[in-house]
Every structure is written in C-alpha cells, then in structure tokens.
Amino acid sequence: LPGRLEVVPRSDLNTCPVLLTQPAADGWTPLDASRDFFDRLSKPRTIVMLKNEEHYPIESPAVEQLVEAMDDFIRNQLTTDRQLGRPNAA
C-alpha cells in the first residue's frame, strides 16, 4: 500500500509495555529476527516462548499458552498502573 504506511520512528514506540510471544519452533521468523528491535525498547517488555509450536500458534498447547501469556501480561499491567496511580481502562 504505497503512500498509506508510515514509518514510525523507533523512539516513538516507547510509549507502552510490549509482549512478544514467539513460537519456539518458528523456522520462518526466529526470535533473533525480533530480538535486536525488542531489546532497544525502553518500556517494560516480556518475551514468552510458546512451546511445541511453529510459525502460527493455532493448536494446543501453544494457543493456550498464548492466551495465558496475554492474560497475565494485561493483568500485570493493570496492577502496575493501579499501584502507580495511573488511569487505565479497568
């Protein structure tokens, strides 16, 4: 989509916590492909490796691990926001 996608400067991506879920057996997009960018983020960040899964986690147990990782991440962020007195959607 030429002209419709904007390149966001890396410095602008430091506004919220980041959860990276990575299928452990992903041969198309290995963790190393994301790691350099991920490590440069200054906000809280978490990597969860999805066991026994390849590129697209749609089967057990990876899909359950994905849902659990997202749930834990969101709950943790909401708890942190409350502790720091920051408003959130909860």
Side-chain angles (χ1 to χ4, degrees):
L1 302 170
R4 296 192 70 198
L5 299 176
E6 295 181 34
V7 175
V8 177
R10 187 174 299 182
S11 60
D12 289 351
L13 295 175
N14 285 313
T15 57
C16 64
V18 174
L19 170 64
L20 171 62
T21 56
Q22 174 71 37
D26 190 339
W28 289 6
T29 312
L31 180 59
D32 289 346
S34 303
R35 192 67 197 226
D36 180 57
F37 179 80
F38 181 83
D39 287 344
R40 293 178 192 211
L41 296 172
S42 65
K43 292 296 180 180
R45 57 198 190 280
T46 303
I47 294 177
V48 173
M49 299 301 292
L50 306 175
K51 299 175 183 133
N52 302 322
E53 188 57 50
E54 295 183 14
H55 185 67
Y56 193 67
I58 58 171
E59 297 177 354
S60 278
V63 72
E64 289 87 5
Q65 293 170 17
L66 176 63
V67 169
E68 182 179 349
M70 292 186 312
D71 186 59
D72 290 347
F73 183 79
I74 292 167
R75 288 178 190 275
N76 183 46
Q77 296 312 311
L78 291 174
T79 299
T80 300
D81 284 350
R82 279 194 293 275
Q83 290 171 346
L84 296 174
R86 292 188 292 218
N88 58 51

ILVMFWY clustering at 4.5 Å (side-chain atoms), partners of Val48: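 Val48 clusters with Leu19, Leu50, Leu66, Met70, Phe73.
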Side-chain cluster (under 4.5 Å, hydrophobic types only) that Val67 belongs to, other residues: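 Hydrophobic cluster check, Val67: no partners found.
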Evaluation steps, side-chain contact (heavy atoms from CB on, under 4.5 Å), between Thr21 and Gln65: CA-CA 9 Å; Thr21 56; Gln65 293 170 17; over 6 Å; no
Any residue meeting side-chain hydrogen bond (donor to acceptor under 3.5 Å, both in side chains) with Asp32, in chain and number order, not counting sequence neighbours: none
Under the side-chain contact (heavy atoms from CB on, under 4.5 Å) test, residues paired with Thr29 that sit two or more places apart: Asp26, Ala33, His55
Listed partners of Ile74 passing side-chain contact (heavy atoms from CB on, under 4.5 Å), at least two apart: Leu78
Residue pairs involving residues 60-73 (criterion salt bridge (charged side-chain N to carboxylate O under 4.0 Å, His left out); sequence neighbours excluded): Asp71-Arg75
Least distance between heavy atoms, [X] atom then [Y] atom:
X     : Y     : answer
Leu31 : Gln22 : N-NE2, 3.6 Å
Ala24 : Met49 : CA-CE, 3.8 Å
Lys51 : Ala62 : O-CB, 4.1 Å

Reported CZ-to-CG distance for the pair Arg35 and Leu20, which is rounded to 0.5 angstrom: 8.5 Å
